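Below you'll find the structure, written out as structure tokens, and then a few comments.
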Amino acid sequence: AQRVTQPEKLLSVFKGAPVELKCNYSYSGSPELFWYVQYSRQRLQLLLRHISRESIKGFTADLNKGETSFHLKKPFAQEEDSAMYYCALGGGATNKLIFGTGTLLAVQP
Amino acid sequence: DVKVTQSSRYLVKRTGEKVFLECVQDMDHENMFWYRQDPGLGLRLIYFSYDVKMKEKGDIPEGYSVSREKKERFSLILESASTNQTSMYLCASARGGKQFFGPGTRLTVL
């Protein structure tokens, strides 16, 4: 069965500390992985996708097929990074996504 | 930029009422989706549509129906609202693997 697991509901770090939001998936085919972010009072938006291999707002994520993981990382957290982060699994012509349960990142001053 | 709009930001209805949630996108996307977003449960897919008049059930379709008469508009219908349908409802449209979300409708059923 296709599934996305985000084990942490809440991750609290201090400003300037490294951040790693965990995401594991199960998928039998060739997965396409995404990270979406929702800042307070804003709509859910795409942060990054694995095929782009880009860094957005200092965040990176590497697809590890051996460990079936797609963890989101940032070396130095900023207060404006505080938000809800969702990992999502896609693939297919319908553009359907399976979302994880989300991790709330709280960056303390 | 893709624009996805939803008819209401907040809605309060009574148990048993029929509720319509409207979503409109302006980018000619074929695929559109309705989710509900609940704390601790993430986003759960209710229904999606891959073309006009075409729809498929998602993971939690019970108590909901949808309508897609025009490409730009995707409606979610609660036939008889119940208190357990109190939630945040998100609409999205998609192309090229990416989904674009509306601002959400927070529905409260009393």
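Just so it is clear: chains get the letters A, B, ... in the order the sequence lines come, proteins before strands, and each one is counted from 1. None of the values given here were measured: they were computed from a predicted structure.
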Are [Y] and [X] connected in a single hydrophobic cluster, I mean Ile/Leu/Val/Met/Phe/Trp/Tyr linked by side-chain heavy atoms less than 4.5 Å apart?
X	Y	answer
A:Phe76	A:Leu21	no
B:Leu21	B:Phe48	no
A:Leu48	A:Phe34	no
A:Ile56	A:Val19	yes
A:Phe99	B:Met88	yes

Against chain A, work out which of B:Pro39, B:Gly104, B:Gly96 has the most heavy-atom pairs shorter than 4.5 Å and name it.
->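 If we count pairs closer than 4.5 Å to chain A, B:Gly96 comes out on top.
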
Residues of residues 78-85 of chain B near chain A, each having a heavy atom less than 4.5 Å away =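 Hits under 4.5 Å: none found.
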
So what's closer than 4.5 Å to chain A heavy atoms on B:Leu43: side chain, backbone, both or neither?
->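 For B:Leu43, backbone and side chain are both near chain A.
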
Most contacts with chain B, counted as non-hydrogen pairs under 4.5 angstrom, among A:Leu97, A:Ile51, A:Val4 =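 Going by pairs under 4.5 Å, I would pick A:Leu97.
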
Enumerate the inter-chain donor-acceptor pairs under 3.5 Å for chain B and chain A, one line per pair.
residue  : atom : partner : partner atom : Å
B:Val4   : O    : A:Arg43 : NH1          : 2.9
B:Asn31  : OD1  : A:Asn95 : ND2          : 2.6
B:Gln37  : NE2  : A:Gln38 : OE1          : 2.8
B:Gln37  : NE2  : A:Tyr86 : OH           : 2.8
B:Gly96  : O    : A:Arg49 : NH1          : 3.2
B:Gly96  : O    : A:Arg49 : NH2          : 3.0
B:Gly97  : N    : A:Asn95 : OD1          : 2.7
B:Gln99  : N    : A:Tyr36 : OH           : 2.9
B:Gln99  : O    : A:Tyr36 : OH           : 3.4
B:Gln99  : NE2  : A:Asn95 : O            : 2.8
B:Phe101 : O    : A:Arg43 : NH1          : 3.0

Starting at CZ of B:Phe101, measure out to CG of A:Leu46 and round the result to the nearest 0.5 Å.
->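 Interatomic distance, B:Phe101 CZ to A:Leu46 CG, rounded to 0.5 Å: 9.5 Å.
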
